[in-house]
Participant: 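Supplied in structure tokens, the structure appears directly below.
Small disclaimer: the values here were computed from a predicted structure and weren't measured.
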2 protein chains.
Amino acid sequence: MPDDAPPLPEFDLYSFTPYRLAVAAKRTSEELARKYRERFGISIPEWRVLVHLAHSGKVSVRDIEARVAMEKYEVSRAAKRLREANLIERKENPTDRRLVILTLTPAGRKMMAELLPLAKSHQAALEARLGDAFEQLEAGLEQLLKEPE
Amino acid sequence: MPDDAPPLPEFDLYSFTPYRLAVAAKRTSEELARKYRERFGISIPEWRVLVHLAHSGKVSVRDIEARVAMEKYEVSRAAKRLREANLIERKENPTDRRLVILTLTPAGRKMMAELLPLAKSHQAALEARLGDAFEQLEAGLEQLLKEPE
DNA sequence: GAAGGTTCATAGCATCCGCAATGAAATCGC
DNA sequence: GCGATTTCATTGCGGATGCTATGAACCTTC
């Protein structure tokens, strides 16, 4: 390492927004993911699919992909696992046989009836913990997320 | 699916903070990661290690772990790949032979000299794009990140 | 109504990731 | 000073992930 190497520009990772966002997201998600996993044995992709199903009733993989920020193959695989766990059911759409129809099973509904209130209280706790900063965070995220890509 | 199933609580994924953060982080990071990968062939963990090295000179795996929100094994593997790419160098610490000393090679310094300004301009563009929302986002993240766990 | 192109879901493959275990070196406790 | 514990870095392994290819069904156009 020669001493005459030109100095590198100063760069502070801790104030680099992509880094900060990644760390914040990881913490926030993992805290929750642990709960999901331990109590219900589901992962985050599976959770997203379930939430969408709880909200929308019957949907195809494509529907979920479009609305839940997941790739098609992620949805497909999550659905497979959920089917194996008997939490969702998969039928063929008779009017377009390329499409599938995913719905919660009774067991899936039961689980979501327990899980959703938990998620709500988690959200409430987060808001309380952040205080005023919560509104600010949301405003920032809003701006960031509303852009197409 | 019996009709007498009790209704599930309403739950809107799009306003669920962990979800929003995850999506925002993914977008922001991937946009950048694509650049890193295409132009320099490095991943995000590798980028973090490099930044820390550019900033701190000689460090051990443990140092990086503590300061860059990575697990030790992530650092270790990233370092291995970087070594294979001849971007960093690994020596033994003579006063404590458990520790390693990682430093940038000349090639690594050269790459960082190109990369860091790019990251800076990326950050500047992000700030400009977000406008006032940037300060708010930062305030929110600050609060979120300052908590221990 | 048949060929060409598109959309949908899934599977194959290689890589990545997280956890736990390993091994080497240092430190502690007596 | 020496065994027990702790710290540090790496690796093995199973499972997850991302990209691409595949195949089935549908739509379009003539």
Side-chain angles (χ1 to χ4, degrees), chain A residues 22-23 25-27 29-38 41-49 52-53 58-85 88-103, chain B residues 22-23 25-27 29-34 36-38 41-49 52-53 58-85 88-103 149:
Chain A
V23 175
K26 184 153 196 255
R27 272 197 207 170
S29 290
E30 287 198 342
E31 189 178 340
L32 200 61
R34 211 174 320 121
K35 276 192 206 171
Y36 294 164
R37 197 158 5 102
E38 285 172 6
I42 62 171
S43 69
I44 288 184
E46 287 158 28
W47 146 256
R48 287 192 189 170
V49 169
H52 193 60
L53 256 57
K58 312 176 177 190
V59 291
S60 68
V61 167
R62 178 193 49 165
D63 287 332
I64 301 180
E65 175 202 9
R67 318 202 61 236
V68 185
M70 294 170 70
E71 299 292 325
K72 233 179 353 185
Y73 59 77
E74 290 183 86
V75 175
S76 183
R77 285 205 264 238
K80 186 182 177 192
R81 289 190 291 261
L82 290 170
R83 237 180 311 134
E84 287 165 359
I88 70 174
E89 201 173 18
R90 178 189 184 284
K91 279 182 294 198
E92 219 175 46
N93 185 327
T95 73
D96 183 341
R97 289 179 26 242
R98 293 170 306 179
L99 301 178
V100 298
I101 297 179
L102 300 175
T103 50
Chain B
V23 174
K26 186 155 194 255
R27 272 198 207 168
S29 291
E30 287 197 343
E31 190 178 337
L32 198 62
R34 211 174 319 120
Y36 295 163
R37 197 158 4 102
E38 285 172 7
I42 61 170
S43 68
I44 288 184
E46 287 157 28
W47 146 255
R48 288 193 190 170
V49 169
H52 192 61
L53 255 57
K58 315 178 175 188
V59 292
S60 68
V61 168
R62 178 194 50 167
D63 286 332
I64 302 180
E65 176 201 10
R67 316 199 64 236
V68 185
M70 295 170 68
E71 300 291 327
K72 234 180 348 187
Y73 59 79
E74 289 183 86
V75 176
S76 183
R77 286 205 260 238
K80 186 183 177 193
R81 289 189 292 262
L82 290 170
R83 236 179 314 134
E84 286 164 0
I88 71 173
E89 201 173 16
R90 176 189 185 285
K91 279 182 293 197
E92 218 176 46
N93 185 326
T95 71
D96 183 340
R97 293 187 14 248
R98 292 170 306 177
L99 301 179
V100 297
I101 296 179
L102 300 175
T103 50
E149 181 191 357

Participant: What's the closest nucleotide to the A:Tyr73 side chain, out of D:dT17, D:dG18, C:dT10?
Facilitator: D:dG18
Participant: With a 4.0 Å cut-off on heavy atoms, is A:Glu71 in touch with a base, just the backbone sugar-phosphate, or nothing at all?
Facilitator: nothing
Participant: Taking only the side-chain heavy atoms of B:Arg98 (C-beta and beyond), determine which of D:dT6, C:dG18, C:dA9 contains the nearest atom.
Facilitator: D:dT6
Participant: Go through B:Ser29 and B:Ile44 one step at a time and tell me if the side-chain contact (heavy atoms from CB on, under 4.5 Å) criterion holds.
Facilitator: CA-CA 8 Å; B:Ser29 291; B:Ile44 288 184; 3.9 Å; yes
Participant: For the pair made of CE in A:Met70 and C1' in D:dA16, what is the distance, rounded to whole Å?
Facilitator: 12 Å
Participant: Let me spell it out: for each of A:Arg37 and A:Asp96, pick the nucleotide of DNA chain C with the closest heavy atom. Which residue's pick is nearer the 5' end?
Facilitator: A:Asp96
Participant: In Å, rounded to the nearest 0.5 Å, how long is the span from CG of A:Leu102 to NZ of A:Lys58?
Facilitator: 12.0 Å
Participant: Which of these passes side-chain contact (heavy atoms from CB on, under 4.5 Å) with B:Ile88: B:Lys80, B:Glu46, B:Arg83?
Facilitator: B:Arg83
Participant: To the nearest angstrom, how far is B:Glu74 atom CD from D:dA9 atom C1'?
Facilitator: 14 Å
Participant: To the nearest Å, give me how far apart CD (B:Glu46) and C1' (C:dC16) are.
Facilitator: 11 Å
Participant: Look at the side chain of B:Arg77 and decide which nucleotide, out of D:dT10, C:dC19, C:dC8, has an atom nearest to it.
Facilitator: C:dC19
Participant: So, does B:Ser76 use its side chain to make a donor-acceptor pair with the main chain of B:Lys72 at under 3.5 Å?
Facilitator: no
Participant: Round to a whole Å and report the spacing from CG of B:Leu82 to C1' of C:dC16.
Facilitator: 15 Å
Participant: Please work out if A:Ser60 contacts a base, only the sugar-phosphate, or nothing of the nucleic acid, heavy-atom cut-off 4.0 Å.
Facilitator: sugar-phosphate
Participant: Between C1' on D:dA24 and CD on A:Glu92, what's the gap in Å once rounded to a whole number?
Facilitator: 10 Å
Participant: Can you tell me how far P of C:dA9 sits from CG of A:Asn93, to the nearest Å?
Facilitator: 9 Å
Participant: Rounded to whole angstroms, how far apart are CG on A:Leu99 and P on D:dA24?
Facilitator: 17 Å
Participant: Give a yes/no answer on whether the side chain of A:Arg97 brings an N or O atom under 4.0 Å of OP1 or OP2 in D:dA25.
Facilitator: yes
Participant: Among the candidates C:dA9, D:dT17, D:dT10, find the nucleotide nearest to the side-chain atoms of A:Arg62.
Facilitator: C:dA9
Participant: Quick one: do A:Leu82 and A:Val49 satisfy side-chain contact (heavy atoms from CB on, under 4.5 Å)? Show the steps, please.
Facilitator: CA-CA 9 Å; A:Leu82 290 170; A:Val49 169; 3.9 Å; yes
Participant: Is there a side-chain polar atom (N or O) of B:Arg90 under 4.0 Å from OP1 or OP2 of D:dT10?
Facilitator: yes
Participant: In this structure, how many angstroms lie between the C1' atom of C:dC16 and the CD1 atom of B:Ile42, rounded?
Facilitator: 16 Å
